[in-house]
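Below is one structure, written out as structure tokens, with a few remarks after it.
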Amino acid sequence: MKKDYGSKQVYFIGGGLASLAGAAYLVRDCDFKGENIHVLESMHILGGSNDGIGTPKEGFICRGGRMLNEETYENFWELFSSIPSIEHEAMSVTDEILAFDHAHPTHSNARLINKAGEVLDVMSMGFDNADRMAMGKLLITPEEKLDYLKISDWFGPHFFDTNFWYMWQTTFAFQKWSSLFEFRRYMFRMMFEFSRIQTLEGVTRTPYNQYDSVILPLKAYLEDHGVDFTIKCTVTDLDFEESDDITVTAIHYKSEKGDGIIQLHEEDLCIVTNGCMTDCATLGDLNTPAPFKPEHPVSGDLWANIARKKEGLGNPKPFFENTKETNWESFTVTMKGNKLLKKIEKYSRNVPGSGALMTFKDSSWLMSIVVAVQPHFKAQGAGETIFWGYGLYTDNIGDYVKKPMCDCTGKEMLIELLHHLHFEEDIDEIMKDVINVIPCMMPYIDAQFQPRAMKDRPKVVPEGSTNFAMISQFVEIPEDMVFTEEYSVRAARTAVYTLMGLDKKICPVTPHHYDIRTLLSALNTSFR
């Protein structure tokens with residue numbers, strides 16, 4: 001028998017994966033009416049950081065690729081096992097992704113490349129005994145002793161010149177100044193990945209980019225159930241009841257129609273994305289750099305506004321006040337034909353989709369590229385090919401294009417890459433096939449990795465909350481790792497089940513680091 005919720009309304013602030021997953025849990029597990037679920041999104045499109053847009057004429061853009069993982073995305077796979085594929089009848093999204101991934105396994109043959117264009121032998125992690133001792137000590141040090149510490153505070157200079165660091169850093173986008181706390185979480189959560197980081201066999205790929213493969217079917221499921229989506233609507237503040245509890249009474253927003261206020265009734269719920277890694281992202285094109293405009297991150301500003309009003313809502317300052325450390329830049333290349341991809345395939349000995357990241361370790365930008373199975377976009381034209389890449393050090397002068405990456409056009413980024421591939425003699429011929437190269441500057445893309453104290457990230461449902469929760473990469477979920485699809489889905493599930501009083505199990509974090517085979521494999525790898 002379905003529960004009668006009366007006129008109860010649920011408002012999700014932000015239209016990313018976490019909010020869409022939360023709406024799906026309300027529909028699926030709570031028998032909640034879709035028309036009483038409202039998703040308010042500031043952009044013109046849903047999906048948050050799971051993107052993939054463009055046209056054959058203008059070119060395509062991936063701001064980044066969200067790596068999935070079969071062993072650690074427990075709640076993600078469970079949720080999407082109930083979301084129908086929009087490509088294959090009688091298949092779920094989970095079945096669709098895993099079938100595709102198993103048919104296109106990842107095994108990188110060119111993980112690291114040096115300045116001479118030589119593919120490096122990365123079977124050895126490159127550790128010395130000091131590196132191993134530091135790693136071992138970190139793994140037995142309690143989290144509460146690591147507040148504000150950086151990775152560089154723990155490890156010596158040698159560690160940052162090892163094959164392991166170059167591969168781990170570029171796979172997950174860590175920096176030397178990233179949080180030691182988060183690095184430790186990754187080492188535990190991805191312990192089994194440690195022994196295969198040189199091949200990236202643990203990477204699970206979607207058939208298309210994540211917007212086409214993950215967001216579109218989830219959105220279709222919610223639309224079928226009548227969920228209300230409001231785009232181009234920026235929530236700026238929340239009002240709280242004047243009491244010791246945390247009770248939202250009103251939502252303030254700006255839209256194309258003007259400013260407005262949504263008054264919440266006693267039974268209504270408000271679930272907020274308190275931080276988005278792609279806030280303030282900007283695009284360039286073949287002949288134009290992407291501008292750097294970090295001012296007023298929408299979700300960061302909202303979080304700051306509400307954190308000033310109530311205790312226990314976290315502290316956005318460590319995450320949103322140091323864009324010099326939290327930015328990096330990506331670029332997406334759209335080509336006519338497959339001549340360039342064939343050259344990369346011959347060079348790397350990986351067919352498109354099988355190699356994951358190729359990192360140019362001596363690049364002053366620390367540039368990496370990813371060539372996915374083609375087509376990577378549903379809208380990709382016949383005969384078109386795309387690939388994307390990124391650089392972690394955007395202020396550094398290029399090795400061949402003598403400009404900082406942040407000041408480069410798409411064309412200049414591609415030229416820099418072609419020099420690192422040692423395709424210099426073919427540059428003019430390659431450029432004839434270019435439709436567009438779109439740079440994307442993201443001032444806060446690494447914000448969730450910033451050094452912090454445990455208390456800086458709020459709980460999903462703060463102490464004293466009666467109708468309020470937060471879901472994002474900036475909430476605290478014990479043992480889990482940020483910058484993942486799983487983190488967003490787990491946060492959403494926690495929020496919905498807690499606020500709705502649903503007595504149903506959330507898939508726990510799988511303790512791979514307690515598996516003796518995984519531990520022995522990791523130990524053996526550390527001595528290669």
Mind telling me whether [Y] and [X] have parallel, tilted or perpendicular rings, with 30° and 60° as the class edges?
{"X": "Phe155", "Y": "Phe159", "value": "parallel"}
{"X": "Trp328", "Y": "Tyr390", "value": "tilted"}
{"X": "Phe80", "Y": "Phe76", "value": "tilted"}
{"X": "Phe319", "Y": "Phe474", "value": "perpendicular"}

Any pair counted as salt bridge (Lys or Arg N to Asp or Glu O under 4.0 Å), so long as it reaches residues 36-45, sequence neighbours left out | none
Residues pairing under salt bridge (Lys or Arg N to Asp or Glu O under 4.0 Å) where one sits in residues 130-141, two or more places apart or in two chains, turn out to be none
Only counting residues at least two apart or in another chain, list the ones meeting side chain to side chain contact (heavy atoms under 4.5 Å, CB included) with [X].
{"X": "Lys310", "answer": "Phe240, Ile246, Leu313"}
{"X": "Val27", "answer": "Ile37, Tyr221, His225, Val227"}
{"X": "Cys280", "answer": "Pro297, Pro443, Tyr444"}

For Thr466 and Asp245, test the side chains for any donor-to-acceptor distance below 3.5 angstrom and give the result as yes or no.
-> no
Tell me yes or no: between the side chains of Glu325 and Gln175, is some donor less than 3.5 Å from an acceptor?
->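 Short answer, no.
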Is a donor on one side and an acceptor on the other found under 3.5 Å between the side chain of Asn69 and the backbone of Gly202?
-> yes
Is it true that a side-chain atom of Asp153 and a backbone atom of Lys150 form a donor plus acceptor pair closer than 3.5 Å?
->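 Yes; at least one donor-acceptor contact below 3.5 Å.
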Pairs touching residues 448-467 that satisfy ring pair (Phe, Tyr, Trp, His ring centres under 6.0 Å), sequence neighbours left out |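 Pairs touching residues 448-467 that pass the test: Phe174-Phe449, Tyr186-Phe449, Phe449-Phe483.
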Determine whether Thr247 and Phe468 make a side-chain contact, defined as any pair of heavy atoms from C-beta on separated by less than 4.5 Å.
-> no
Counting only heavy atoms not in [X] (residues, nucleotides, ligands), do more than 12 fall under 6.0 Å from its [atom1]?
{"X": "Lys232", "atom1": "NZ", "result": "no"}
{"X": "Lys33", "atom1": "NZ", "result": "no"}
{"X": "His265", "atom1": "NE2", "result": "no"}
{"X": "His296", "atom1": "NE2", "result": "no"}

Examine Phe164 together with Phe194 and report whether their ring centres are nearer than 6.0 Å.
-> yes
NZ/NE/NH1/NH2 to OD/OE distance under 4.0 Å, Glu74 and Arg490 =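 Counted as a salt bridge, because a side-chain N and a carboxylate O are separated by less than 4.0 Å.
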Ionic contact status for Glu182 with Arg457, cut-off 4.0 Å |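 A salt bridge links Arg457 with Glu182.
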Please round to the nearest 0.5 Å and tell me the distance separating atom CG of Asp237 and atom CG of Leu302.
->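 Taking CG in Asp237 and CG in Leu302, the distance rounds to 7.0 Å.
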Assess Arg452 against Phe181: is NZ or CZ under 6.0 Å from the centre of the six-membered ring, and within 45 degrees of the ring's axis?
-> yes
Residues Arg189, Asp480; criterion salt bridge (charged side-chain N to carboxylate O under 4.0 Å, His left out); working and verdict | CA-CA 7 Å; Arg189 192 78 159 101; Asp480 210 353; 2.7 Å; yes
